[in-house]
Amino acid sequence: MSPTSFILVAIDGGAASGKSSTARALSERFHLLHADTGSYYRALSARLLHSGVSPAAPAAVRAELTDLHLGTHCSGRHAQLTIGGDPVPEADLRSDAVNAAVSHFAALPEVRAALLPYQRGLADLARTHGFQGLVMEGRDIGSVIFPHADLRIFLHADPAERARRRAREGQLDAVAERDRLDSSRENSPMTCPAGAVAIDTSHLALPAVVERIAALITSRLLGG
Ligand code: CDP
């Protein structure tokens with residue numbers, strides 16, 4: 001790899017494992033486009049719930065998804081999903097209703113199929129916008145979306161610690177239940193793929209996690 005080449009970093013992990021804070025810090029340090037794919041599943045879920053569509057009705061989900069026009073709004077280094085040209089407000093993405101429904105929608109093949117080409121296309125968007133690379137976080141990035149990413153990271157943490165993190169953010173969120181659904185689904189289950197670097201963040205502060213991954217990125221950028 002040449003010293004100036006584009007770097008693709010995949011970060012997967014369970015709810016409240018520290019993916020977003022880590023990915024944001026890395027995107028700033030290395031000028032990477034940041035894609036939080038959980039927010040994409042949340043945006044589609046908010047839109048479907050708003051239209052009165054339940055995850056128990058896959059045919060209705062499919063019908064609603066065919067009419068949606070997905071796009072990207074780059075806000076600084078952050079790639080935000082737009083639906084019909086508009087981003088979904090942050091408060092809607094993190095509502096209790098979306099927290100409760102998102103893993104059920106995310107288990108449907110039609111929902112995953114709607115987002116797969118969109119997510120892969122963000123690598124080209126990052127290149128054409130002059131970013132040094134793309135850092136994409138989610139559940140299946142290193143296993144399904146970019147199995148050949150330059151660096152694949154899997155963050156995990158003790159479930160009790162993760163529930164405390166969410167409570168500190170003031171959110172009612174069944175972290176363990178979402179993990180159970182996300183790990184046991186048939187389509188693109190959350191998994192630490194072979195060859196990924198696993199990091200336990202239970203007793204590791206954010207700067208330490210970031211430093212560890214930053215060292216790996218630097219080594220890749222230098223051709224290591
Ligand atoms: O931020 P938090 O850890 O709460 O979760 P998130 O990253 O916002 O993801 C919300 C939900 O979207 C997850 O619980 C999964 O059900 C789903 N998701 C997924 O299935 N695949 C991804 N690549 C990202 C999220």
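Both ligands and their constituent atoms are indexed starting at 1 by order of listing. The figures that follow rest on heavy atoms only: side chains count, while hydrogens, waters and symmetry mates do not.
Exactly one of Leu216, Thr22, Asp12 qualifies for a side chain to side chain contact (heavy atoms under 4.5 Å, CB included) with Ile153. That residue is Leu216.
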Evaluate side chain to side chain donor-acceptor pair (under 3.5 Å) for Ser39 paired with Gln80, printing each intermediate quantity in order. CA-CA 8 Å; Ser39 74; Gln80 223 176 348; over 6 Å; no
Asp182 vs Arg139, salt bridge (charged side-chain N to carboxylate O under 4.0 Å, His left out): CA-CA, chis, key distance, verdict: CA-CA 8 Å; Asp182 293 343; Arg139 301 291 187 290; 3.4 Å; yes
Stepwise side-chain contact (heavy atoms from CB on, under 4.5 Å) check, His34 with Phe131: CA-CA 10 Å; His34 170 215; Phe131 286 94; over 6 Å; no
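Not a single N or O atom of Tyr41, backbone or side chain, sits closer than 3.5 Å to an N or O atom of ligand 1. When only interatomic distances are considered, the shortest N/O to N/O separation between Glu137 and ligand 1 does not fall below 3.5 Å. Polar contact with ligand 1: present for Asp182 (N/O pair, distance under 3.5 Å). By the 3.5 Å distance cut-off applied to N or O atoms, Ser20 is not counted among the residues near ligand 1. The distance criterion of under 3.5 Å between nitrogen or oxygen atoms is not met by Asp36 with respect to ligand 1.
Residue Arg185 touches ligand 1 through its side chain alone, judged by heavy-atom distances below 4.0 Å. At a 4.0 Å heavy-atom cut-off, ligand 1 touches Arg94 through the side chain alone. Counting heavy atoms under 4.0 Å from ligand 1, residue Ala106 touches it through the side chain alone. Proximity of Ala16 to ligand 1, defined as any heavy-atom pair under 4.0 Å, is confined to the backbone N, CA, C and O atoms.
Every atom of ligand 1 with a heavy atom of Ala15 under 4.0 Å away is listed here by number and element: 3 (O). The distance from ligand 1 to the heavy atoms of Ser103 drops below 4.0 Å at these ligand atoms: 14 (O), 16 (O). Residue Val102 approaches ligand 1 through these ligand atoms, each under 4.0 Å from one of its heavy atoms: 11 (C), 12 (O).
Considering only non-hydrogen atoms, atom 19 (C) of ligand 1 lies nearest to Arg112 out of Arg112, Met190, Arg178.
Residues Lys19 and Gly14 approach most closely at NZ-O, 3.0 Å, considering heavy atoms.
Salt-bridge formation is detected for the pair Glu161/Arg168: a Lys NZ or Arg NE/NH1/NH2 atom is positioned less than 4.0 Å from an Asp or Glu carboxylate oxygen. Arg24 and Glu137 are not joined by a salt bridge, as no carboxylate oxygen comes within less than 4.0 angstrom of a charged side-chain nitrogen.
Side-chain N/O atoms of Arg77 and His31 include a donor and acceptor closer than 3.5 Å. In this structure, a donor-acceptor pair under 3.5 Å is absent between the side chains of Tyr41 and Ser103.
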